[in-house]
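Structure, as structure tokens:
All chains are named by letter (A, B, ...) in the order of the sequence lines, taking the proteins before the strands, and each is independently numbered beginning at 1. Keep in mind the model is a prediction, meaning the values are calculated, not measured.
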Amino acid sequence: MMWLNRDVVSIGDFSVEEIMEVIDKSNKMLPYAGTGHPDRPLSDKIVATLFYEPSTRTRLSFESAAMRMGAQILGFGSLEGSSVAKGESLSDTIRIVNGYSDAIVLRHPSEGAARLASEFADIPVINAGDGAGQHPTQTMLDIFTMWKESGPINGKSIGFVGDLKYGRTVHSLSRALSMFDASLYFISPEELKIPKHIKRDIEKHVPVKETRSLEEVIGNLDILYVTRIQKERFPDIEEYKKVAGTYIIRPSLLSAGKKNLIVMHPLPRVDEIPPDIDNLPQARYFKQASYGVPVRMAILDMILRGD
Amino acid sequence: MTEEKMLKVEKIRRGTVIDHIAVGRAFKVLQILKISSDPGVTVSIAIHVKSKKIGLKDVVKIEDRILDSSELNKIALVAEGATIAIVDDYEVIKKFTVKLPDIITGILRCSNPRCVTNAEGSVKPSFSLISKNPLTIKCHYCEREMETGEIIDNIF
């Protein structure tokens, strides 16, 4: 499929081959992520970042990526002072911004907002997270991290631990990985198991292995993807403490894993990965966050120049 | 099967006969058509009728009312495969089977309260058909999947 002018709304819109094109391109961008692309290939482009809810890391990494490619940026990071605060509908805002820029990066609290925006815009729309819905560039940067830090994804054993029920990161990432023929393990308490409809989708490609015990499967894993368990999901604080405590990543746990095991986390973390893990060779979550820039440089270049 | 055998309850002079409704779904059809709240419409219902075609079936006859295409699409959501006969002067003048379209637009809202279609009034909710049995549809916008119970609760 042609990349020029393409919307990036949901990871489900992309095939394995297309995701791999993004991975390849991201790898080419990697040397320029810290210094900027010497050709400034997007110097004649304007990227609008419309953030209807705050998300420091995602917005900054998109803006950094755009600037590293030479593009100009406009937009807002909060609703204060914007026309949205005056009650303008999303579709109207998109129609207006469509005339001011060459691509729109949208973060919005309503699920499906980016799909809607893409129908009102002639220019490409990138979904930077729509409520508990999709966040496709996060999925692409997660896959890039796995590929870069752990090698080819086919045949890898990948474990997800924590809140698998509400965590959108896990939902889209595990769906995408099932198409790569990876072995997927889902480790969570009973109340936070992966939803049935996600499981059904994954099982179309690979079997789903579910367990409560991380110790039981740690030895099988090449990649451990940790997510935060949120307090507010539990009516009883004692129950929360008990469950959350079970899934804290300790050095002793990691030493029972494979030699090349890597640990990822979409961040922000709370207690699930204590700071003493940060300097262990398995820790890759800060690297993962840094890959947000080259992956978004690649995506912007692909949809704005078709290259 | 002869027409006499098919229509257990009295023939109607003019109106719509919905036949071959999956057994137990007749009341859902009425609920969707919002007919029970309209005292001006006479409705006959036969449930657990023996059918060579589908074993047991339900049948609904609505007098003096011809269903429009949006109503037929709604029926398909709970009674895929039902046969519709339009009757005039005791004769069947048109007969066809209701089929679920691949894309379902404008007849129900998304069950996800955080879906953008429930926040932006100007957008028509749209769903794609994922599976007929069990009936599962997926919101084009938020990608939430809905099954029969949720679907019926959210029909306009």
*asked:* Apply side chain to side chain donor-acceptor pair (under 3.5 Å) to residues B:His140 and A:Glu119 and explain how you reach the verdict.
replied: CA-CA 12 Å; B:His140 168 65; A:Glu119 290 169 2; 2.7 Å; yes
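Against chain B, the residues from residues 179-200 of chain A that qualify, each with a non-hydrogen atom under 4.5 angstrom away, are A:His197, A:Arg200 in number order.
Side-chain atoms of B:Arg114 and A:Ser110, non-hydrogen and from C-beta on, never get closer than 4.5 Å to each other. A:Asp130 has its side chain out of reach of B:Val116: every pair of non-hydrogen atoms, C-beta onward, lies at least 4.5 Å apart. Side-chain contact between B:Ser122 and A:Ser89 is absent, with no heavy-atom pair separated by less than 4.5 Å.
Dense packing is recorded around NZ of A:Lys209, with more than 12 heavy atoms of other residues, nucleotides or ligands lying under 6.0 Å away. Residue-environment remark: OH (A:Tyr100) stays at or below the threshold of 12 foreign heavy atoms within 6.0 Å. For B:Lys94, the NZ atom sits in a loose shell: 12 or fewer heavy atoms of surrounding residues, nucleotides or ligands are nearer than 6.0 Å. More than 12 non-hydrogen atoms from other residues, nucleotides or ligands lie less than 6.0 angstrom from CG of B:Asp68.
Among the candidates B:Thr117, B:Asn112, B:Asn118, the residue making the largest number of heavy-atom pairs closer than 4.5 Å to chain A is B:Asn112.
The two residues A:Leu116 and B:Glu120 have their closest heavy-atom pair at CD2-CG, 3.9 Å.
Taking CD from A:Gln134 and OH from B:Tyr141, the interatomic distance works out to 16.0 Å, rounded to the nearest 0.5 Å.
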